[in-house]
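Contents: one structure, followed by commentary.
Just follow the structure's listing: the first ligand is 1, and inside any ligand the first atom is 1. Numbering of residues begins at 1 and proceeds along the displayed sequence.
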Amino acid sequence: MEDNRLTRTKEQWARARRGGEEREVFYEGDDRLPPGQHLVETFPVLDLGFKPDIPLNEWTFHIRGFVTTPVTWTWDQFLTQPQFKDRSDFHCVTSWSRYDNDWEGVSFKHILSIVKPLSLARFVLFKSYDDYTTNLPLEACDDDDVLLAHSWNDKPLSRDHGGPVRVIVPKRYAWKGAKWVKEIVFSDTDEKGFWEVRGYSNTAFPWKNDRYG
Ligand SMILES: Nc1nc2c(c(=O)[nH]1)N[C@H]1C(S)=C(S)[C@@H](COP(=O)(O)O)O[C@H]1N2
Ligand SMILES: [Mo]
């Protein structure tokens with residue numbers, strides 16, 4: 001894969017030099033970088049101009065809607081859930097990608113085993129402390145790499161990046177991962193979130209360049 005990537009990069013350079021299409025090198029992507037993305041090593045911060053400050057003793061988390069067992073967790077209760085780690089790439093729709101982020105928290109698979117969604121539940125809406133929302137089909141959340149993260153690269157998740165807890169859904173653009181998450185609602189209807197009602201794609205697949213709805 002490493003060889004293949006190198007080859008493709010070289011081919012792209014060759015083509016760009018020949019045709020003078022410098023931008024294509026940047027926009028084509030490769031085996032790891034989705035189309036239209038460029039790689040960054042920093043970790044940019046994106047929000048609605050407001051970063052909620054939630055002291056851990058006031059943090060409460062709810063899972064409700066079409067589930068057998070609704071849940072309310074305090075911070076301590078959240079931390080007593082089985083801990084899960086996953087390394088993934090992060091793709092923001094504004095075109096930057098950041099590789100190899102080490103996330104730690106509670107897996108969505110574990111959440112499902114606790115709340116047991118009813119068969120009618122086909123959609124999930126995430127609600128945050130800054131009133132941000134985002135929606136996904138349940139099957140997108142029911143994946144091995146989806147988690148509620150409290151740590152990034154072995155440190156507690158900073159307030160800038162959505163701490164105490166944010167959602168990570170690596171196979172979708174990053175706006176599908178709610179920072180400062182407060183609530184998860186399971187439903188039989190697909191209620192659109194903040195960016196989804198403002199023209200962003202409902203599905204948000206980086207590999208399909210699926211940015212706008
Ligand atoms: N609560 C909340 N979650 C959010 C957002 C937001 O504004 N509020 N922005 C989204 C967008 S557009 C992106 S790209 C990522 C950015 O995460 P970062 O600031 O850690 O890079 O968070 C997503 N989750
Ligand atoms: Mo974004």
Side-chain angles (χ1 to χ4, degrees), residues 27 29 33-56 58-63 75 78 85-106 108 111 123-137 140-141 143 145-185 191-213:
Y27 279 109
L33 189 66
Q37 296 295 108
H38 70 279
L39 188 60
V40 298
E41 278 170 14
T42 55
F43 193 1
V45 173
L46 283 96
D47 54 55
L48 303 176
F50 168 62
K51 297 170 183 52
D53 186 8
I54 312 118
L56 295 182
E58 288 173 23
W59 185 88
T60 47
F61 182 70
H62 303 275
I63 312 174
W75 180 249
F78 179 71
K85 291 186 184 188
D86 188 64
R87 174 174 290 185
S88 58
D89 297 346
F90 190 99
H91 309 294
C92 172
V93 72
T94 61
S95 91
W96 56 271
S97 293
R98 190 187 193 287
Y99 292 165
D100 290 330
N101 299 282
D102 283 318
W103 300 105
E104 183 176 1
V106 174
F108 208 91
I111 302 261
F123 302 98
V124 178
L125 185 69
F126 297 91
K127 300 185 172 193
S128 295
Y129 279 93
D130 60 347
D131 288 336
Y132 183 85
T133 54
T134 188
N135 59 303
L136 278 169
C141 302
D143 202 340
D145 56 5
V146 176
L147 76 155
L148 273 58
H150 58 64
S151 295
W152 174 75
N153 289 4
D154 299 317
K155 291 188 206 82
L157 184 60
S158 68
R159 180 175 160 197
D160 276 1
H161 288 295
V165 177
R166 77 176 298 163
V167 183
I168 292 296
V169 187
K171 294 189 183 77
R172 310 284 173 135
Y173 284 118
W175 88 78
K176 292 288 185 181
K179 297 161 73 166
W180 311 290
V181 68
K182 179 174 72 172
E183 198 169 353
I184 302 180
V185 186
E191 186 181 333
K192 289 187 175 180
F194 183 90
W195 287 118
E196 290 82 5
V197 299
R198 288 168 176 78
Y200 277 56
S201 163
N202 202 37
T203 40
F205 287 114
W207 290 98
K208 295 183 182 170
N209 214 338
D210 170 27
R211 295 166 197 267
Y212 308 105

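D47 CA, 3.2 Å is the protein heavy atom nearest to atom 7 (O) of ligand 1. Nearest protein heavy-atom neighbour of atom 14 (S) of ligand 1: C92 SG, 3.2 Å. Counting protein heavy atoms only, atom 9 (N) of ligand 1 is closest to L46 O, 3.8 Å. The protein atom (non-hydrogen) at minimum distance from atom 21 (O) of ligand 1 is P44 O, 2.7 Å. Atom 17 (O) of ligand 1 has R166 NH2, 3.1 Å as its closest protein atom, hydrogens excluded (heavy atom only).
Each of the following atoms of ligand 1 lies closer than 4.0 Å to a heavy atom of W180: 1 (N), 2 (C), 8 (N). Atoms of ligand 1 lying under 4.0 Å from at least one heavy atom of V45, given by number and element, are 19 (O). Those atoms of ligand 1 with a heavy atom of S128 less than 4.0 angstrom away are 1 (N). Each of the following atoms of ligand 1 lies closer than 4.0 Å to a heavy atom of L48: 7 (O). The F43 neighbourhood of ligand 1 comprises atoms 20 (O), 21 (O), with distances under 4.0 Å to a heavy atom of that residue.
Remark: side-chain polar atoms of D145 are not paired, donor with acceptor, to backbone N or O of P170 under 3.5 angstrom.
Between K171 and D143 there is a salt bridge, since a side-chain N of the basic residue sits under 4.0 Å from a carboxylate O of the acidic one.
Centroid-to-centroid, the aromatic rings of W180 and Y129 stay 6.0 Å apart or farther. A centroid separation of 6.0 Å or more is found between the aromatic rings of F61 and W75. The six-membered or imidazole ring of F43 lies near that of F90, with a centre-to-centre distance under 6.0 Å. Outside the 6.0 Å centre-distance limit, the rings of F205 and W207 are not counted as a close aromatic pair.
Remark: of the listed residues T134, T203, T133, T134 is the sole one forming a side chain to side chain donor-acceptor pair (under 3.5 Å) with E196.
Selection from W96, W152, W175 by nearest heavy atom to atom 12 (S) of ligand 1 gives W175. For atom 3 (N) of ligand 1, the nearest non-hydrogen atom from the set K179, K182, R98, H161 belongs to K179. Nearest-residue assignment for atom 2 (C) of ligand 1 (options F126, F194, Y132; heavy-atom criterion): Y132.
Ligand 1 has a nitrogen or oxygen under 3.5 angstrom from a nitrogen or oxygen of G177. In terms of polar-atom proximity, defined here as any N/O pair under 3.5 Å, D130 does make such a contact with ligand 1.
The minimum heavy-atom distance between K179 and D160, with the atom names listed, is NZ-O, 2.8 Å.
Residues E104 and S151 have side chains that never bring a donor and an acceptor to within less than 3.5 angstrom of each other.
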**Study point:** Test salt bridge (charged side-chain N to carboxylate O under 4.0 Å, His left out) applied to K51 and D130, step by step
**Key:** CA-CA 7 Å; K51 297 170 183 52; D130 60 347; over 6 Å; no
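Only the side chain of F90 comes within 4.0 Å of ligand 1, counting heavy atoms alone; its backbone N, CA, C and O stay farther away.
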